[in-house]
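Computed from a prediction, not measured in an experiment: that's the story for all the values here. Letters go in sequence order (proteins before strands), and every chain restarts at 1.
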Amino acid sequence: MDSGFSLALQGRPPVDFDWILRNLSGDIIPAFLEHLYLSLVPVAVALAISLPLGILAHRHRVIYPPVTAVAGVLYTIPSLAFFVMLIPIMGIGQAPVLVALTAYSLLVLIRNVVTGLDSVPAETQDAARGMGLTDRQILFGVELPLALPVIVAGIRISTVTAVGIATIADFVGGGGLGSLIFDGIGQQFLTAILVGSLLAVAIAVSADLGLTWLEGRLRPWARRAGGAA
Amino acid sequence: MIEFREVSKVYAGSGEPVVKDLSFEVPEGEICVLVGPSGCGKTTTMRMINRLVELTSGDILLGGDSVTKISATRLRREIGYAIQGIGLFPHRTIVDNIGTVPRLLGWDRGRVRMRADELLDLVGLEPGQYRDRYPAELSGGQQQRVGVARAMAADPPVMLMDEPFGAVDPITRTRLQDEFLRIQQGINKTIVFVTHDIDEAIKMGDRIAILEAGGVLAQYDTPGKVLSEPASEFVASFVGADRVLKHLSLVRVGDVELDPANGDAGSLPRLGEDVSLRDALSELIGAGAERALVISGGDEVRGEITLDGIRQLNRRSGG
């Protein structure tokens, strides 16, 4: 395939800017937005599931092993197989992709929620209770703020993973930047492949950088202490 | 002010009580130190007052009312709470840490800030320099000062302190203890103070409750009584073989009856009236003298203290 591909490039510029401009609003931008949707919605949904589940598992330790066992099994299913398995139930399109990516995100997110909550010093919680904060006030005022950096780190890993896996969504009719990449491969057209890949990388890198920045912002106390020391 | 009535605590699933039939009273404005070896239930005893641990039987009265009658969170907001280690909220600035309970009680920002500044001043931290810092930016000793300030924030009549000066070096601890005693003279809180260190107990306590294994009260008395009349073998060994010297360290030379000074004073050691009997004894033995002159602040001879006199004082107080 390699040699055939290079043959197909002969006589054409490696990157066809004209094609990019012509297809920008018709194909490229919709594929980009679809990709954002395919990768970000599952992380958001998974977070909405993982946060209460993680808080519960932190409080009632017995449910933590079974929860992580189920999430762990889901995590090990190869992505393409997962999409295809879901087709009999939900048909082709975005639905199997959204469900599979949500399932993938659960393990990392639940673990990070629990790890984050575990990292809150026991004396801090004891002091909070001893001063008369209610359970709710301790959760939202002390535990979650202190766990937030670890939770955001989990969101970062999940997001980057989802952006990557979403590139094969088009195999089951899910669309996204994968559609550009697969069309490009099929038509031996390098520009489409490059545009699809680079945009996927751009989403992943900017999500990673953005969330890393956020992680730092969420613990000004550590940053300032580091600066002072 | 705080009254324990036959209080026991048995944890579910264990037959042995950790605290057994505890009855004692802490008068208003006094510091009561709970002290004993580890596992004696001293922290559990303290935590039953603000119901971080629920008592199994008996009752604890606070100003005449049972602590079990009001909600635990309301009770806790009326009791200052300071603990060992980093009980401070690492994600909140010093002013927000101190303002925790006042905010819960609905104080507005301005009032919280004023109170925080006042307390920072009281515990010897310059408000302008420290109020907007995070706990991690303070030294261990400074954090413990903030912990004490936070416990005092809403001016609660009762304070619970669990080894509040535990996590610092001995020199800083001594300074924090002295400062706290000075503060207490001005605020007269009723304080329950937990420590495992008998010397700290003797220094800080108006009264000392010595607990032994199984949460049994071995003795509840003033430091002087505990040292001069230990109620049991256990108490005697817990306070240590040097209890006579510890007792002498509680008494100042100026507070005892002195012999009149007679004539040939030139060669005698001279002691200030603030010197403890323990240090006086040490001076006398060190100088190889039988007696020393006691000098008042105004450089005036108040009288003489003799080795024999110290011996008799100790005998009279039961040692």
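In this structure, chain B has no heavy atom under 4.5 Å from any part of A:L218. Contacts of B:R74 with chain A are absent, with no heavy-atom separation under 4.5 Å from either backbone or side chain. Residue A:A122: no heavy atom, backbone or side chain, is found under 4.5 Å from chain B. Interface residue B:R47: only side-chain heavy atoms are found under 4.5 Å from chain A. Interface residue A:Q137: only side-chain heavy atoms are found under 4.5 Å from chain B.
Within 6.0 Å of atom CZ in B:R131, more than 12 heavy atoms from other residues, nucleotides or ligands are found, so the atom counts as buried in its surroundings.
Ion pairing of A:R61 with A:D118 is present here, as a side-chain N (NZ or NE/NH1/NH2) and a carboxylate O approach within less than 4.0 Å. Checked for salt-bridge contact, B:D155 and B:K189 meet the test: a charged N lies under 4.0 Å from a carboxylate O. Under 4.0 Å is where a charged nitrogen must lie from a carboxylate oxygen, and between A:R217 and A:E215 no such pair does.
Seen from the ring of B:F180, B:R175 does not count as a face-on cation partner, given the 6.0 Å and 45° thresholds.
Contact count against chain A (heavy-atom pairs under 4.5 Å) is highest for B:L104 among B:L160, B:L104, B:N50.
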